[in-house]
Amino acid sequence: MKKLLSVVLSASLLGLALVGTGCGEKKELVMATNAEFPPYEYHDGDAIVGIDAEIAQAIADEMGRTLVIEDMAFDSIITAVQTGKADMGVAGMTITEDRLENVDFSTPYATAAQVIIVKDDSDIASPDDLAGKTIGVQLGTTGDIYAEEIENASIEKYNKGFEAVQALTQGKVDAVIIDNEPAKVFVSQNEGIKILDEAYTYEEYAIAVKKGNTELLNQINAAIEKLQESGKLQEIVDKYIVAE
Ligand code: GLN
């Protein structure tokens, strides 16, 4: 009898403990990204760090949820959001008309530019000189989309932005079209290449959520607004981007 009672007791205690952790555990907020895009998202040892990782963490904190980061190819992020594999895409992702057909975007949290990287001794001096050239881009990015519009250009598509930059240093491509902040990082890591003064285009980054998920979108927008007003967003940016 005594033994039975203790079994029943421990079973119910175990049950309570399980219920307890169930209540205490916060709901996950899954972020899809491509951690090859410094200073927005990149690997630092085992961790994925950067501006987007910290903004997403701050948003999760605001929402009382646990941030989980899923690293994947850039061109898989929209599908991950559409299928619910991830709650949001945070990947220095530019708002475009095409993407708006597949996902909803938050209010923008950053402005960016597509810039052109060339070798120091290149004859390419402005976007107009790109016609007929071989251009390296990261697959599925806006750089890729813009390069496709350039007259007679042949486009080499790489999975990672730095692979496109490597191809440039190896003479396999004549220029790379890529976002300005990663461009600065990659150029600082490689000798003999430079960013042209004239940008290709200007654009805005926002967070992608599943189409019609207004509840999450409103929560994300409210969190972004709060982070902007409190100065926390600028603080995060300043930690990774040193003003010139
Ligand atoms: N801003 C670009 C885009 O949205 C590139 C983003 C990235 O490579 N992470 O296509």
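Residues: numbered from 1 along the sequence shown. Just follow the structure's listing: the first ligand is 1, and inside any ligand the first atom is 1.
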Under 3.5 Å donor-acceptor, Ser230 side chain and Lys226 backbone | yes
Polar side-chain atom of Asn180 near backbone of Gln114 as donor-acceptor pair, under 3.5 Å = no
Report the member of Met93, Arg99, Gln138 with the shortest heavy-atom distance to atom 10 (O) of ligand 1.
-> Arg99
Could you list which atoms of ligand 1 come closer than 4.0 Å to a heavy atom of Ala91?
-> 6 (C), 7 (C), 9 (N)
Indicate whether any N or O donor in one side chain lies under 3.5 Å from an N or O acceptor in the other, for Glu225 and Asn221.
-> no
Under 3.5 Å: N/O of Phe74 near N/O of ligand 1 = no
Kindly assign one of parallel, tilted or perpendicular to the pair Tyr200 and Tyr146, based on the angle between their ring planes and the thresholds 30° and 60°.
-> tilted
Which of parallel (below 30°), tilted (30 to 60°) and perpendicular (above 60°) describes Tyr40 and Tyr205?
-> perpendicular
Check ligand 1 against Tyr205 and write out every atom of the ligand that is under 4.0 Å from a heavy-atom position of the residue.
-> 1 (N)
Asn34 side chain to Gln138 side chain, donor-acceptor N/O pair below 3.5 angstrom | yes
For ligand 1, which atoms, with element, lie under 4.0 Å from some heavy atom of Asp179?
-> 1 (N), 2 (C), 5 (C)
Note: ligand 1 atoms sitting under 4.0 Å from heavy atoms of Glu203 are 1 (N)
Taking only non-hydrogen atoms of Thr141 and a 4.0 Å limit, the atoms of ligand 1 in range are 5 (C), 8 (O), 10 (O)
